Amino acid sequence: MKARIPPQQLMPGVSKKVVQSYIDVKEDEILRRCMKLAFFALNRRFGFGAARLAAVYDEVNTLRADAKKDPIFWEHLDRVMSNEIGLDMPKEDYSKFEE
């Protein structure tokens with residue numbers, strides 16, 4: 001029988017913190033770039049101004065903090081996107097989510 005050991009359990013505590021810190025920095029960079037693209041599109045296409053875009057940015061950061069604390073956040077968000085908003089987007093693979 002083969003046992004699957006998650007990579008997080010193979011690393012000692014200090015290494016985990018260093019790796020997690022690196023991941024957090026990269027996530028921040030990726031989110032910032034995606035938000036810039038979205039803000040540019042919202043400004044050019046729909047006329048969103050600085051105040052409205054700042055409010056969206058604040059809300060995204062609040063949701064991001066919620067996502068880190070709530071294990072079913074993405075499942076709920078997918079349901080809202082599909083059922084309430086009617087936006088057809090690929091759903092997350094919840095089996096890949098790890099604490």
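Here the structure is a predicted model, which means the values were calculated and not measured.
Nearest heavy-atom pair, Asp78 versus Tyr94, reported as atom, atom and distance to 0.1 Å: OD2-OH, 2.5 Å. Minimum heavy-atom separation, Asn43 to Phe48: ND2-O, 2.8 Å.
Linking Ile, Leu, Val, Met, Phe, Trp and Tyr residues whenever their side-chain heavy atoms come within less than 4.5 Å leaves Val18 and Val25 in two separate clusters. In terms of hydrophobic clustering, with Ile, Leu, Val, Met, Phe, Trp and Tyr side chains grouped at heavy-atom distances under 4.5 Å, Met89 and Ile85 are assigned to a common cluster. By the criterion of side-chain heavy atoms lying less than 4.5 angstrom apart, applied directly or through intervening Ile, Leu, Val, Met, Phe, Trp or Tyr residues, Val56 is grouped together with Leu31 in one hydrophobic cluster. Hydrophobic clustering places Leu53 together with Phe46 (ILVMFWY residues linked when any side-chain heavy atoms are closer than 4.5 Å, directly or through intermediates).
Rounded to the nearest 0.5 Å, atoms CE (Met81) and CG (Leu77) are 5.0 Å apart. The distance from atom CE of Met35 to atom CG of Leu42, rounded to the nearest 0.5 Å, is 8.5 Å. To the nearest 0.5 Å, atom CG of residue Leu87 and atom OG of residue Ser82 are 9.0 Å apart.
Two residues are said to be in side-chain contact when any heavy atoms from C-beta on lie closer than 4.5 Å; Asn61 and Tyr57 meet this criterion.
Under the 4.0 Å criterion applied to side-chain N and carboxylate O atoms, Glu29 and Lys26 are assigned as salt-bridge partners.
Residue-environment remark: CG (Asn83) exceeds the threshold of 12 foreign heavy atoms within 6.0 Å.
Checked by atom type and distance alone, the side chain of Ser21 never pairs as donor or acceptor with a backbone atom of Lys17 at under 3.5 Å.
Each of Lys69, Arg64, Lys68 was checked for a side chain to side chain contact (heavy atoms under 4.5 Å, CB included) with Asp66, and the lone residue meeting it is Lys69.
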